[in-house]
Amino acid sequence: MIKINENYLRLQSSYLFTDIAHRVAAFQKANPDQEVIKLGIGDVTRALPGACIEAFHRAVDEMADDGKFRGYGPEQGYAFLRETIARHDFQDRGAAISADEIFISDGAKCDTGNIQEIFGADIRIAVPDPVYPVYVDTNVMAGRAGEFKNGRYEGLYYLDSTRENGFVPAPPQSPVDLIYLCFPNNPTGVAITRDQLKAWVDYAREHRALILFDAAYEAFIRDERLPRSIYEIDGAREVAIEFRSFSKTAGFTGTRCAFTVVPKDCMAYDAVGEKHDLHSLWNRRHCTKFNGVSYPVQRAAEAIYSNEGKLQTRELVDYYLKNAALICSEMTAMGFNCVGGENSPYIWVDGSRDSWEFFDLLLKRAGVVCTPGAGFGKCGQGFIRISAFNHYENVQRAMARIKTAL
Ligand code: PLP
């Protein structure tokens with residue numbers, strides 16, 4: 001008799017985006033003439049940069065030529081892309097990461113979800129609250145989270161991100177083994193300072209723990225004092241794996257390309273305390289279960305780092321940051337406490353009322369869709385996340401409508 005992995009029964013159904021979709025559909029049915037402006041979901045709205053499109057086309061043409069055609073590529077990604085990333089994203093910023101420590105993939109979602117496979121079943125895991133749900137659900141699937149009681153899994157250690165700690169949790173008093181950090185954060189939009197990140201690296205070194213650093217929104221950092229990579233912090237090579245994505249950097253959400261950095265100094269331990277390097281383990285996992293990102297997509301990603309590509313991606317990100325600044329200033333002027341939106345496409349707005357109530361209010365009175373903070377965890381209650389991924393004119397109209405409606 002075929003049996004299921006019963007850990008899946010412990011998953012809390014993710015009602016968040018389906019719930020939102022149902023409420024929006026019901027509203028639209030009742031108000032067919034009212035146009036709805038969506039500032040909810042974190043998907044980009046603008047086309048790929050020209051440099052990427054040109055590289056994409058050239059690579060597709062190569063695939064049409066028997067002499068230049070490429071079949072299976074290296075599972076870890078082509079050297080041309082790994083070397084470009086290592087130089088521009090790390091070495092040029094003083095972070096000693098080499099090309100062979102970079103694993104190209106089709107998404108940071110898959111990588112942040114899959115990475116937990118290489119760790120023991122009985123480790124203690126710390127997750128942020130509010131959280132990008134993939135970190136929690138993949139550990140529930142693996143049987144590490146325990147029972148779900150009073151809105152939380154008993155087996156997880158929650159790192160509360162609250163107004164009191166500026167939405168950047170400090171390392172816990174008790175030891176944990178695996179720590180998920182995401183900065184600039186989804187959903188709060190808050191970035192981490194060098195000192196705050198150093199405290200986490202020091203903690204991980206002291207406790208022989210590992211940090212999984214999700215930097216999917218790194219391209220939005222404009223404050224030069226902020227670290228863009230955890231490897232800008234001394235000692236991080238031994239205790240951190242970093243995830244990056246081209247999804248928000250260059251509009252690759254539908255094109256799919258990302259990468260994970262696993263430094264060769266990163267160690268983890270077996271039952272008798274013997275050291276093992278995580279690079280070899282992840283390489284084994286990646287090569288066994290993944291067959292590489294398509295050649296044209298990797299060429300398109302490489303083009304992000306050309307002079308032209310750099311200018312174009314900066315302009316793209318600046319566009320969304322301009323939206324974010326407008327949302328932030330307008331919501332603040334309306335009397336709401338807001339964080340994020342400066343080095344991030346997300347604005348975390350304190351509604352001082354139930355998240356869903358605030359969501360309904362904005363939908364029904366202004367025809368604007370946001371994301372209720374409660375959907376990201378207990379600490380999200382009372383907040384909403386507004387996303388800057390839309391056209392500027394739509395953001396302007398959304399803000400004008402909210403101002404009139406509230
Ligand atoms: N990590 C975070 C924090 C995200 O918000 C997202 C997407 O919304 C991802 C990872 C997924 O990135 P990708 O499109 O590369 O799978």
Side-chain angles (χ1 to χ4, degrees), residues 14 16-17 20 38-46 48 52 77 81 85 89 102-116 126-139 159 161 167-169 179-192 197 211-221 228-230 240-261 286 290 292-294 297-298 300-301 304 313 316-317 320 324 340-341 343-348 370-371 373 375-377 380 385-390:
S14 174
L16 182 61
F17 288 102
I20 292 174
K38 294 184 176 164
L39 301 179
I41 206 150
D43 196 1
V44 295
T45 51
R46 291 191 64 205
L48 294 178
C52 298
L81 181 55
I85 291 171
D89 281 337
I102 290 166
F103 294 83
I104 309 298
S105 79
D106 59 356
K109 182 180 193 175
C110 323
D111 286 352
T112 52
N114 290 330
I115 195 80
Q116 46 78 29
V127 291
D129 183 346
V131 68
Y132 176 56
V134 174
Y135 312 153
V136 172
D137 287 356
T138 50
N139 280 295
L159 303 166
S161 306
F167 302 93
V168 180
I179 301 144
Y180 287 83
L181 295 180
C182 172
F183 291 104
N185 188 264
N186 178 11
T188 67
V190 168
I192 194 164
L197 193 52
I211 299 170
L212 299 177
F213 190 71
D214 187 344
Y217 298 94
E218 163 275 336
F220 289 78
I221 296 176
R228 288 174 167 258
S229 164
I230 195 164
I241 288 176
E242 181 166 304
F243 304 92
R244 294 270 188 110
S245 171
F246 297 116
S247 285
K248 312 296 158 76
T249 305
F252 272 55
T253 52
T255 308
R256 312 305 305 145
C257 197
F259 62 92
T260 289
V261 186
H286 199 72
F290 187 65
V293 172
S294 85
V297 168
Q298 293 194 56
I304 292 169
T313 47
L316 194 61
V317 169
Y320 294 124
N343 297 285
S344 155
Y346 298 123
I347 298 93
W348 193 234
C370 64
T371 310
F376 297 102
R385 185 192 76 176
I386 304 186
S387 155
F389 293 119
N390 208 317

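Everything numeric here is computed off the predicted structure, so don't read it as measured data. Numbering of ligands and ligand atoms starts at 1, following listing order. Values below: every heavy atom of this structure, side chains too, minus hydrogens, waters and symmetry copies.
The backbone N or O of Ala215 sits nowhere less than 3.5 Å from a side-chain atom of Glu242 that would complete a donor-acceptor pair. Thr371 places a side-chain N or O within donor-acceptor distance of the main-chain N or O of Gly40, the cut-off being under 3.5 Å. Tyr320 contributes a side-chain N or O that, together with a main-chain N or O of Thr45, makes up a donor-acceptor pair within less than 3.5 Å.
Under 3.5 Å, the side chains of Asp214 and Thr112 contain no donor-acceptor pair of N or O atoms.
Ring-plane geometry between Tyr180 and Tyr135 is classed as parallel, the angle between the planes falling under 30 degrees on a 0 to 90 degree scale with a further cut at 60. Ring orientation note: the planes of Tyr346 and Phe389 are nearly perpendicular, at an angle over 60° on the 30°/60° scale.
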Tabulate distances under 3.5 Å between N/O atoms of ligand 1 and N/O atoms of the protein, writing both atom names on each line.
unit_1	atom_1	unit_2	atom_2	d
ligand 1	1 (N)	Asp214	OD1	3.4
ligand 1	1 (N)	Asp214	OD2	2.7
ligand 1	5 (O)	Asn186	ND2	2.7
ligand 1	5 (O)	Tyr217	OH	2.6
ligand 1	8 (O)	Tyr217	OH	3.3
ligand 1	8 (O)	Lys248	NZ	2.9
ligand 1	14 (O)	Ser247	OG	2.6
ligand 1	14 (O)	Arg256	NH1	3.0
ligand 1	14 (O)	Arg256	NH2	3.4
ligand 1	15 (O)	Ala108	N	2.8
ligand 1	15 (O)	Ser245	OG	2.7
ligand 1	15 (O)	Ser247	OG	3.4
ligand 1	16 (O)	Ala108	N	3.2
ligand 1	16 (O)	Lys109	N	2.9
ligand 1	16 (O)	Arg256	NH2	2.8

